[in-house]
Amino acid sequence: MTDTDATTTDAGGTGTGGSTAPEAATAQPSGRWRSVAAAICFVLAALLTLPAAVAHWGQRTITDTERYIETVGPLVAQPEVQQVLGNKITSIINEQLDIQGLADEAFGPLLEQAPRLQLLIPPLEGAIESFIDGQVRAFLASDLFQDLWIEVNTRAQQTLIRLLEGNEDPGAIQLEGDDVVLDISTLVDAVKQRLVDRGLTIVQNIPIPQTDAQIVLLRAPQLAQARTIYAFANPVATWAIFVIVGLFALAFLLSRRRPRMTVWIGAAAVVNAVVLGIAITVGEQLFVNTLLGTPFGPASRVFYATLLTYLVNGWHTILILGIVLILAGWFAGRNQTGTQVRGWVSGGLERAGARFPAGPVSDAGRFVEGAAFWVRGLVIAIALVLILWVWNFNVTSVLWTTAITALVLAALQVLIGAAHPVDTEAPAEPEAVPV
């Protein structure tokens, strides 16, 4: 290189550097602010995912009467629930039905003349108790009980919401002293009528104290906690999930390395899912321990599992979605193995597409190739909307949507390959003949 060349080069370099230095100085802070903003959005979304999921479950399961009934309706067929209600109703009636007193009243004079008749009273008492227990079990298995169960739970849910809001008007669920209790007097009355209809008329007029027809659900400290959680969660439950998705989307769009951000979003989803799963397990044990020793205790575990069905399904789904996002980010990233796999898959799909002859397919392929970024983004956005809002948010919908999305993206890659068709019918060049 001559001195003139060097001078020219230096001048050009200086000139170029002088013209781009302000742009670079401007672009660098801009890129930093984008990274900071993306990090803030990601951290906020990651921290709020767990409370948003719980609030969404509460709004979907507890505060919505129709969905609550859909959730607790199947409890009527659970043996544990039928056993608890059967034992409670039977004990209420037996405690108020003084068989010994009735026998003394009916056979009083005869007992004085024939004291040995007293020996018949215990078998008679056992037979009546057995009859009552059998009728109670039959009632719990009847369609009438299923209808009453829905009616009682509908009133209970509506009353519970009023109770959480601070309104303590009487209803199916009441505040008795330090206890939140469920009133099952409707079920007891239905059983009494069934017994009367089947000939046991002695139960018709027995009084049932209100306190006997109640099942303790919560203690006062737990009610205070429930009210606090409700007051915080209910106002934000309807839109919290949209905010979380929006923050994750902003973090992705602002990120300068989007595949890496996708992996981080997936990892945040997995961590939140695991924490939520642990919290549900711990909460179940606390709930069971709280009701231990109460009439409702034997059914507490199945009741908890049924009530939290949607939340349990949610953490399973978030876990699977997180794993899918991690794999997608890895596949699209700059890592060595991801790049190799992506190149092998993309190359194979494009070679398959290149076999299509020139025509409509290749024309469509050229369009897709020119707008590949936006087309892929649209496909992924539609998939997320389907998973989060259109279809039921469950593991099955995530897996099916992921599979369909992968097939659509593969088809797009085939179309891109079809934009450059290979002329398979061109005559082969003659082989060189050695001289």
Side-chain angles (χ1 to χ4, degrees), residues 31 34-35 37-38 41-42 45-46 49 52 239-269 317-318 320-335 338-339 341-354 356 359-421:
R34 279 185 58 185
S35 298
C41 290
F42 169 78
T49 296
W239 50 264
I241 197 72
F242 297 95
V243 172
I244 299 303
V245 174
L247 286 172
F248 276 133
L250 276 176
F252 175 81
L253 294 174
L254 292 172
S255 176
R256 290 186 293 175
R257 298 188 65 177
R258 288 170 179 165
R260 175 180 289 182
M261 179 56 72
T262 303
V263 172
W264 278 105
I265 293 173
T317 307
I318 293 173
I320 298 300
L321 183 60
I323 294 173
V324 169
L325 290 174
I326 291 174
L327 293 176
W330 166 81
F331 182 80
R334 298 178 183 177
N335 59 86
T339 302
V341 172
R342 185 173 65 253
W344 178 75
V345 173
S346 300
L349 293 172
E350 290 179 12
R351 285 192 295 273
F356 284 94
V361 176
S362 59
D363 293 341
R366 281 188 288 272
F367 169 78
V368 172
E369 186 178 32
F373 175 81
W374 298 106
V375 173
R376 291 191 186 111
L378 179 62
V379 170
I380 294 172
I382 292 174
L384 289 175
V385 170
L386 289 175
I387 290 174
L388 296 175
W389 291 294
V390 177
W391 295 341
N392 289 328
F393 187 65
N394 53 46
V395 174
T396 303
S397 67
V398 170
L399 293 177
W400 272 109
T401 306
T402 300
I404 294 171
T405 302
L407 289 175
V408 172
L409 293 176
L412 293 177
Q413 204 65 34
V414 171
L415 284 176
I416 291 174
H420 308 282

**Request:** Of all the heavy-atom pairs spanning S255 and A38, show the shortest one and how long it is.
**Result:** N-CB, 3.9 Å

**Complete:** L254 and A37 have their tightest heavy-atom pair at CD1-CB, 3.7 Å

**Prompt:** How far does CZ of F373 sit from CG of L378, to the nearest 0.5 angstrom?
**Reply:** 11.5 Å

**Request:** Determine the minimum heavy-atom distance between A418 and P421, stating which atoms define it.
**Result:** O-CD, 3.4 Å

Side-chain donor-acceptor contacts of residues 403-412 below 3.5 Å, not counting sequence neighbours, with atom names and distances?
residue, atom, partner, partner atom, Å
T405, OG1, T401, O, 2.6

**Request:** Would you mind listing every side-chain hydrogen bond (donor to acceptor under 3.5 Å, both in side chains) that reaches into residues 411-421, with sequence neighbours excluded?
**Result:** E350-Q413, E369-H420, R376-Q413

**Message:** For A46 versus F248, what's the shortest heavy-atom pair and its separation?
**Reply:** N-CZ, 3.9 Å

**Asked** Between L386, I380, V379, V385, which is the residue that forms a side-chain contact (heavy atoms from CB on, under 4.5 Å) with I382?
**Response** L386

**Request:** Could you pull out all residues at least two apart from F367 that satisfy ring pair (Phe, Tyr, Trp, His ring centres under 6.0 Å)?
**Result:** none

**Complete:** Here the gap from I320 atom CD1 to S397 atom OG, rounded to the nearest 0.5 Å, amounts to 11.0 Å

**Prompt:** Excluding sequence neighbours, so at least two apart, what forms side-chain hydrogen bond (donor to acceptor under 3.5 Å, both in side chains) with R366?
**Reply:** D363

**Minimal non-hydrogen separation, V341 against F331, with atom names** = CG1-CE1, 3.9 Å

Review item, side-chain donor-acceptor pairs of residues 257-266, under 3.5 Å, at least two apart:
residue, atom, partner, partner atom, Å
R258, NE, F252, O, 3.4
R258, NH2, L253, O, 3.0
T262, OG1, R258, O, 2.9

**Atom CZ of F356: over 12 foreign heavy atoms under 6.0 Å** = no

**Asked** Could you state the interatomic distance from CG (L349) to CD1 (I416), rounded to the nearest 0.5 Å?
**Response** 9.5 Å

**Request:** Sequence neighbours left out, what passes side chain to side chain contact (heavy atoms under 4.5 Å, CB included) with T317? Give chain and number order.
**Result:** N313, F393, N394, V395, V398

